[in-house]
Amino acid sequence: LYSGSFDCSVKIWNLKDLNSGGVVSCKFSLKGHEHTIWSILVLEELNLLLTGSADKFIKQWTLNESRTDAKLVCKYTGHTDCVRGMAFIREKRGNEFLSCSNDGNVLLWRLGNAAPLKQINVTDSFLYSINMLDKTKLSGAEASQADNDTCLFISSGEDRSVRINNLVYDGTRYISSCLQTIALPSQSIWYCLCLNNGNIAVACSDGSVRIFTQHETQFATKSEQEEYERELSQFAIPLKTNETLSQLNRRDLPTIEALA
């Protein structure tokens, strides 16, 4: 088990202690960031660990077989605010990953390259979570656009929505577009995840977990869908208005003296 903390460290815990009824012990503590560790991506098959921090950097570490030591091998620079999430792209060449940040951008990286391959502006608000969407579980319009050179990812954050984006490599450049935006009656969408059956689960700041599906047999009842639409319509700030507000430059706003 890997954990990140406000103390700027990553800890690796030995879950085998649970088999003997003991207390889980810390195998190794890794320090290399100047601020809070918000995101950890473990690539066990490659013996690699990626850490994202409030210091705006992503760092790549090589782990030894016993997971008791790590060596810094790369420092990725590109975000302008806290790195909040990462996701490994298992399609394509198998050596690329995505990251999201409070700067509202998703960056595409290749392992070992310190600079991003592409910047995707997803929103003007904070982004908290990013995960890959299994295109083999899709149907309809999304599936028709998910060919061998395409991967799909979902992201969520402070703009009351979950977005489904594609990422295509046409042989010379990377192209990305938003396929769908799912609005939610909650201000912060802390986490989004693609489940094994292709459904999307989201954890919201109103204390709820909502699940979205393409499978008709799993659709909510008509009354439940109507209730959901009612919640959306009554939410304080319409999504479009919220996006517009997030673009305001506070420096241009009048000071309190303007009220005199």
Side-chain angles (χ1 to χ4, degrees), residues 39 41 83-92 96-109 116-170 173-206 208-220 225 228-229 231-232 235 238-240 242-243 246:
S39 179
L41 180 60
V83 180
R84 300 299 293 263
M86 293 179 287
F88 188 59
I89 304 176
R90 299 197 177 277
E91 296 98 338
K92 303 167 68 177
E96 295 170 351
F97 68 97
L98 298 170
S99 62
C100 69
S101 166
N102 281 4
D103 61 19
N105 295 319
V106 168
L107 297 184
L108 171 66
W109 310 86
L117 300 174
K118 182 174 179 62
Q119 174 179 302
I120 305 164
N121 181 242
V122 175
T123 177
D124 294 310
S125 301
F126 293 169
L127 280 177
Y128 296 143
S129 174
I130 187 169
N131 268 298
M132 304 310 299
L133 188 60
D134 187 350
K135 61 188 180 184
T136 65
K137 306 290 177 62
L138 296 177
S139 60
E142 286 85 357
S144 66
Q145 299 185 51
D147 55 30
N148 292 333
D149 294 320
T150 302
C151 65
L152 303 174
F153 65 89
I154 54 177
S155 62
S156 65
E158 193 67 17
D159 65 355
R160 303 194 306 109
S161 71
V162 172
R163 300 173 193 259
I164 303 174
N165 279 65
N166 67 357
L167 181 62
V168 184
Y169 182 67
D170 66 1
R173 62 189 178 125
Y174 293 90
I175 304 170
S176 181
S177 61
C178 181
L179 303 180
Q180 183 179 1
T181 299
I182 304 172
L184 290 121
S186 180
Q187 183 60 53
S188 304
I189 315 303
W190 296 117
Y191 195 73
C192 59
L193 179 67
C194 179
L195 304 179
N196 290 335
N197 61 358
N199 292 347
I200 296 174
V202 296
C204 307
S205 60
D206 62 4
S208 67
V209 173
R210 295 179 171 89
I211 298 178
F212 297 89
T213 185
Q214 288 190 319
H215 309 299
E216 292 187 15
T217 58
Q218 299 178 24
F219 283 177
Q225 293 185 47
Y228 182 73
E229 292 297 328
E231 291 178 3
L232 278 177
F235 201 74
L239 182 61
K240 187 63 179 179
N242 190 45
E243 290 182 344
S246 69

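Each residue takes its place number in the sequence, starting with 1.
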For this session: Compare all side-chain heavy atoms of Tyr128 with those of Asn102 and state whether any distance is below 4.5 angstrom.
Result: yes

For this session: Identify the two heavy atoms, one from Ala87 and one from Leu41, that lie closest to each other, and give their separation to 0.1 Å.
Result: C-CD2, 4.1 Å

Problem set entry | Glu96 vs Tyr174, side-chain hydrogen bond (donor to acceptor under 3.5 Å, both in side chains): CA-CA, chis, key distance, verdict | CA-CA 12 Å; Glu96 295 170 351; Tyr174 293 90; 2.8 Å; yes

For this session: With sequence neighbours left out, write down each residue that passes side chain to side chain donor-acceptor pair (under 3.5 Å) with Tyr191, or none if nothing qualifies.
Result: Asn131

Exercise. Hey, what do you get for CZ (Arg173) to CG (Leu117), rounding to the nearest 0.5 Å?
Worked result: 14.5 Å

For this session: Of all the heavy-atom pairs spanning Leu184 and Leu232, show the shortest one and how long it is.
Result: C-CD2, 3.5 Å

Exercise. So, the side chain of Thr213 versus the backbone of Asn199: is there a donor-acceptor pair under 3.5 Å, distance only?
Worked result: no

Problem set entry | Spatial distance of atom CH2 (Trp190) from atom OG (Ser129) [nearest 0.5 Å] | 11.5 Å

Problem set entry | For the student: nearest non-hydrogen atoms of Ser125 and Asp159, plus distance | OG-CB, 3.8 Å

Exercise. Between Leu127 and Arg84, is any pair of side-chain heavy atoms under 4.5 Å apart?
Worked result: no

Exercise. Any sub-3.5 Å donor-acceptor pair from Glu158's side-chain atoms to Gln187's backbone N or O?
Worked result: no

Seminar exercise, completed: d(Ile164 CD1, Leu133 CG) to nearest 0.5 Å is 6.0 Å

Exercise. Looking at CD1 of Ile130 and OG of Ser155, how far apart are the two atoms once the value is rounded to the nearest 0.5 Å?
Worked result: 6.0 Å

Problem set entry | Set of ring pair (Phe, Tyr, Trp, His ring centres under 6.0 Å) partners for Phe153, sequence neighbours left out | none

Problem set entry | Sequence-distant partners of Gln225, side chain to side chain contact (heavy atoms under 4.5 Å, CB included), two or more places apart | Phe219, Ala220

Seminar exercise, completed: Note: Ala183 and Tyr228 closest approach over all heavy atoms is O-OH, 2.8 Å

For this session: Tell me, please, which residues at least two apart from Ser176 pass side chain to side chain donor-acceptor pair (under 3.5 Å).
Result: none

For this session: Measure the spacing between CD1 of Ile120 and CD1 of Ile175 and express it to the nearest 0.5 Å.
Result: 11.0 Å

Seminar exercise, completed: The side chain to side chain contact (heavy atoms under 4.5 Å, CB included) partners of Ser186 (sequence neighbours excluded) come to Ile189, Cys204, Ser205, Asp206, Arg210

Exercise. Hey, what do you get for CG (Leu167) to CG (Leu98), rounding to the nearest 0.5 Å?
Worked result: 6.5 Å

Seminar exercise, completed: Tightest non-hydrogen contact, residues Thr181 and Arg163, listed as OG1-NH1, 3.7 Å

For this session: Could you pull out all residues at least two apart from Pro116 that satisfy side chain to side chain contact (heavy atoms under 4.5 Å, CB included)?
Result: Leu107, Trp109

For this session: Considering non-hydrogen atoms only, spot the tightest contact between Ile211 and Ala201 and give its length.
Result: CG1-CB, 4.2 Å

Exercise. Side chains of Leu152 and Thr150: closer than 4.5 Å at any heavy-atom pair?
Worked result: yes

